[in-house]
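Each remark here refers to the structure printed beneath this line.
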Amino acid sequence: MLRIKGLTKKFRKKEVLHGINLELGKGVYGLLGENGAGKSTLMRTILGLYSEYSGEIMFDGDSLTNDQIGYLPQYFNGLEELKVKELLKYFADIKKISSKRVDEEIERTLKMVNLIERKNSKVKNLSGGMKQRVGIAQTLLGNPEILIYDEPTVGLDPKERIRFGNIIEEEKNNKIILISTHIVSDIECLCDKIIIMKEGHILGVYTPVELAMQAEGHVYEMTEENYNKIKNQSILVRKYLDEKEFRIRVISENMGLSGHVAPTVEDGYLWISR
Amino acid sequence: MDIKISVKTLGKSFLVPILFNSILIPIIVIMVAKTQNEYNLLFSANVMTQMFTPFLGSFVVFTYMSKYIDTRGNEIYFVVNKNKSSEILKLYCIYIITNTFWFIVYSCLNKKFALEWVHIIILTFFYMVATYFLCFWFKSVSLASIPIFLYTIYSIVGLEAFNSKLSYYECCGVTGETIVSKYFYFIVAAFFLLIVGKRLNNSFEKYNE
């Protein structure tokens, strides 16, 4: 269990995390919030990348050690001159994986990300999706208990995003996995719980169904003409073409509207964080 | 850390010090040696190695540190092991070892050069550690290179005009007495910069997105 109690972080005098409290057991958690919500700051504080903060971060009752974590930042610039196998050996060395186990670990993680055939290719010769897979492979080295991914699917094509989802599915039963994103659809199907952040606060922790239900009764679809009458009292979710006319999906407190529809996870997120 | 991988992480930039220290400088020194003028050989080896060897040691550190300081996504390199000082010290040892062969050759051509090798080892340690410190002080490899470059120019060019105690350049070769009296302070300064550099390293929080 990863326990975070009263976590507060300041940059100079500006407080960016305000007394964060979280308890995370095994499973997949999505960390959802707009840009500047504090997602990256929270993750970096957990990782020990920020040394000055107040509050507690404990894993199974002890301080968290870095060999218990696998991390993939949003931009993974692997050392491009190295071969895939060499890059993983580099990370295995700094994770202090014993030399007897290194080759076995590299083979295991490359098989998991389906890159075993490219182990002797230089990183610079790989596609963006393959580089991301190498990044995922290095998080799995040493079989850490906590995996943290910062915007892991940005820039990936649909096939790579599905592949990432499959890897998470395989690992979720015996690890704590935290995935930060501002793309709701990415975590909708992957996550057991979704943590909503805004301006350094945790607004709530919900299952996907619970999050969608937060917007129950507040989601409508209407014509563009009707939307223009209420646009100042509503949040625009999406505009789409339905046969020959545009339809607008909105979230609004105005219960008198017609065109009520069932909420989605995205609707729930927008409602909670409005 | 696998030495081969450590060197490979430097990419093609590692060829620059090799080009100078292992090819260009030896060619010049050996060409001078062919004149069979021992003084010219010693002078040539002194000038070339003092000018380039410590400074290129800094170049190696700059290249190595750029991924930690300036690269997008640099946080990945700080997660498991934040402190980079041991890696810098390993790089220093690798750099000295790769240059030892030619210094043995120069010492065989002129025995007085053996003391110069001690001078270079101390200077290179000072330069590489100072570079490590400056990279974390300025949080920028580019900015850190400016004082290193200016100090090198000052030492070589400004010897007559400025206080030569601060300059590392010895135009007439170094003596045992100078090593003890002057370069001892360079060693002390280097260890001080290493300690402060480690503290700056541990509190480093500039992660590039």
Side-chain angles (χ1 to χ4, degrees), chain A residues 9-12 35 40-41 43-53 64-83 85-97 99 102 122-124 131-132 134-135 138-139 141-142 144 146 148 150-151 154, chain B residues 1-18 59-91 93-94 136 139 141 196-209:
Chain A
K9 169 67 184 167
K10 290 181 185 177
F11 287 112
R12 295 194 179 145
N35 292 335
S40 294
T41 305
M43 286 190 300
R44 287 173 183 159
T45 312
I46 294 170
L47 289 161
L49 292 174
Y50 294 136
S51 48
E52 289 178 19
Y53 61 87
L64 192 54
T65 56
N66 289 341
D67 58 342
Q68 292 172 310
I69 308 175
Y71 173 59
L72 181 65
Q74 183 176 351
Y75 297 101
F76 175 64
N77 281 309
L79 301 159
E80 305 259 315
E81 287 303 317
L82 297 181
K83 294 178 184 173
K85 193 176 174 181
E86 290 170 339
L87 179 65
L88 292 180
K89 186 159 195 316
Y90 173 85
F91 281 105
D93 280 347
I94 60 175
K95 285 185 175 188
K96 295 189 170 40
I97 295 172
S99 50
V102 162
K122 282 198 174 178
V123 173
K124 66 179 181 183
K131 287 180 187 173
Q132 192 74 338
V134 175
Q138 64 81 22
T139 69
L141 288 170
I146 301 173
I148 298 179
D150 191 354
E151 310 270 4
V154 168
Chain B
M1 174 69 66
D2 189 304
I3 289 173
K4 183 183 159 195
I5 291 177
S6 292
V7 171
K8 275 189 104 170
T9 59
L10 298 171
K12 288 176 186 165
S13 302
F14 193 66
L15 292 175
V16 174
I18 290 175
F59 178 83
V60 168
V61 175
F62 283 132
T63 309
Y64 197 73
M65 291 293 290
S66 62
K67 67 177 178 286
Y68 297 133
I69 305 287
D70 290 338
T71 311
R72 218 177 185 193
N74 62 331
E75 62 215 83
I76 187 74
Y77 302 111
F78 289 97
V79 171
V80 180
N81 181 20
K82 196 163 185 183
N83 198 281
K84 305 301 169 194
S85 58
S86 58
E87 292 181 38
I88 298 300
L89 293 174
K90 278 180 198 168
L91 264 184
C93 293
I94 294 169
F136 281 110
K139 300 187 178 77
V141 167
V196 178
K198 275 181 84 168
R199 294 192 76 171
L200 291 172
N201 185 169
N202 287 337
S203 60
F204 180 72
E205 292 186 353
K206 182 190 161 223
Y207 303 115
N208 305 312
E209 294 184 19

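So you know, we letter chains A, B, ... as the sequences are listed, proteins then strands, and number each from 1.
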Could you list the residues that satisfy ring-ring contact (aromatic ring centres under 6.0 Å, His included) with B:Phe62, not counting sequence neighbours?
->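 B:Phe62 satisfies ring-ring contact (aromatic ring centres under 6.0 Å, His included) with no other residue.
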Under the ring-ring contact (aromatic ring centres under 6.0 Å, His included) rule, collect the residues that match up with B:Phe204, sequence neighbours excluded.
-> B:Phe78, B:Phe136
For side chain to side chain contact (heavy atoms under 4.5 Å, CB included), just list the numbers for A:Phe91 and B:Val79, CA-CA rounded to whole Å, side-chain angles, deciding distance to a tenth of an Å, and then say yes or no.
-> CA-CA 11 Å; A:Phe91 281 105; B:Val79 171; over 6 Å; no
What's the spacing between [X] [atom1] and [Y] [atom2] if we round to 0.5 Å?
X       : Y        : atom1 : atom2 : answer
A:Leu47 : B:Tyr207 : CG    : OH    : 9.0 Å
B:Glu75 : A:Gln74  : CD    : CD    : 9.0 Å
B:Ile76 : A:Ile94  : CD1   : CD1   : 7.5 Å

Of all the heavy-atom pairs spanning A:Pro73 and B:Gly73, show the shortest one and how long it is.
->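 Closest approach of A:Pro73 to B:Gly73: CG-O, 4.1 Å.
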Grab the two heavy atoms, one from B:Lys82 and one from A:Leu49, that are nearest each other, plus how far apart they are.
-> NZ-O, 3.0 Å
Interface moiety of A:Leu82 toward chain B, non-hydrogen atoms closer than 4.5 Å |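 Only the side chain of A:Leu82 comes within 4.5 Å of chain B.
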Is B:Lys198 atom NZ crowded by more than 12 heavy atoms from other residues, nucleotides or ligands, each under 6.0 Å away?
->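 Check fails, neighbour count at 12 or below.
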Hey, is NZ on B:Lys206 packed in by over 12 heavy atoms from elsewhere, all under 6.0 Å?
->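 Counting neighbours around NZ of B:Lys206, more than 12 heavy atoms of other residues, nucleotides or ligands fall under 6.0 Å, so yes.
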For the residue pair B:Glu205 and A:Ser51, establish whether any side-chain heavy-atom pair is separated by less than 4.5 Å.
-> yes
